[in-house]
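Data block below; observations after.
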Amino acid sequence: MIFDSHAHYDDDRYDEDREDVLRMIQEQGVGLIMNAGSTEQTSRAAIELSKAYDFIYSSVGIHPHFVEKITDADIDTLAALATDPKNIDRVKAVGEIGLDYFYDNSPRDIQKVRFAQQIDMARQLSLPIIIHSRDATQDTLEILKRENASVNGGVMHCFAGSRETMEIVVKMGFYVGFGGAVTFKNAHNAVESVRHISEESLLIETDCPYLAPVPHRGERNHSGYLKLIIDKIAEIRETTSEHIEEVTWNNAKNLFRV
Ligand SMILES: [Zn+2]
Ligand SMILES: [Zn+2]
């Protein structure tokens with residue numbers, strides 16, 4: 001079965017037909033999903049989804065896009081959500097957290113502080129982290145090292161970096177998540193990383209509704225399209241799709257301890 005290690009089914013692009021989509025992807029072989037939070041509001045929505053559907057788990061975290069105006073109290077609220085007895089069995093990670101210097105929607109110094117703080121929160125909660133890093137490799141690796149984040153474990157999600165970066169991330173003990181980008185024409189870095197990564201560190205993800213793979217690029221994404229990503233990874237690694245499906249299923253279960 002397929003484990004989608006990163007999705008956003010709380011997104012309003014599913015408001016019209018969320019139930020239908022979730023039923024349809026189950027029929028297409030999707031067995032488990034990690035629905036990531038990116039604000040307090042979407043973290044709450046992720047938790048609600050994971051309580052409504054057995055095959056969905058949730059994470060709580062504030063994405064670097066949205067950290068500019070948050071306070072320490074907001075971080076405490078996330079921790080309280082994760083440890084609430086009504087939620088605790090469904091919340092399996094802290095994220096997505098990290099740095100985004102491509103959009104720079106929040107000042108970089110604030111991004112760094114809130115990233116480090118949420119790593120610390122994850123450690124206190126004994127949860128793995130879901131890392132978002134875009135055009136910020138150096139600072140991301142530095143903070144992960146400084147905060148000793150390897151203790152938490154986690155995944156560098158939506159990876160499109162170089163083979164060298166992938167190898168550092170793996171050596172630090174993190175999983176690496178690959179999605180629709182591996183099917184894009186200009187995906188040289190992602191393809192090289194997929195080719196050389198050790199099997200034990202490989203995860204697949206949609207990041208839906210974003211990043212639909214070819215030939216659906218630009219459309220609303222869903223976990224059923226992971227088959228296309230699995231096929232592409234199998235082709236790159238010269239193995240079978242069944243093998244990639246099985247390996248990534250087991251890896252995601254290990255990471256999120258489910
Ligand atoms: Zn992300
Ligand atoms: Zn995401």
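Given the structure is predicted, the values throughout are model-derived calculations rather than measurements. Indexing begins at 1, ligand by ligand and atom by atom, following the structure's order.
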Exercise. With clusters built from Ile, Leu, Val, Met, Phe, Trp and Tyr whose side-chain heavy atoms come within less than 4.5 Å, directly or transitively, what are the remaining members of the cluster of F102, listed by chain and number?
Worked result: Y103
Problem set entry | Any pair counted as side chain to side chain donor-acceptor pair (under 3.5 Å), so long as it reaches residues 222-237, sequence neighbours left out | D4-S223, Y9-S223, H216-Y225, E219-Y225, D231-S241
Exercise. Knowing that exactly one of E192, E167, M166 qualifies, which makes a side chain to side chain contact (heavy atoms under 4.5 Å, CB included) with I197?
Worked result: M166
Exercise. Do any protein N, O or S atoms sit under 2.8 Å from the Zn ion (ligand 2), and which ones are they?
Worked result: H6 NE2, H8 NE2, E96 OE2, D207 OD1
For this session: Answer yes or no: is there a side-chain heavy-atom contact under 4.5 Å between N221 and D207?
Result: no
For this session: Quick one: list whatever passes ring-ring contact (aromatic ring centres under 6.0 Å, His included) with Y53, sequence neighbours left out.
Result: none
Exercise. Side chains of R114 and Q117: donor-acceptor distance under 3.5 Å anywhere?
Worked result: yes
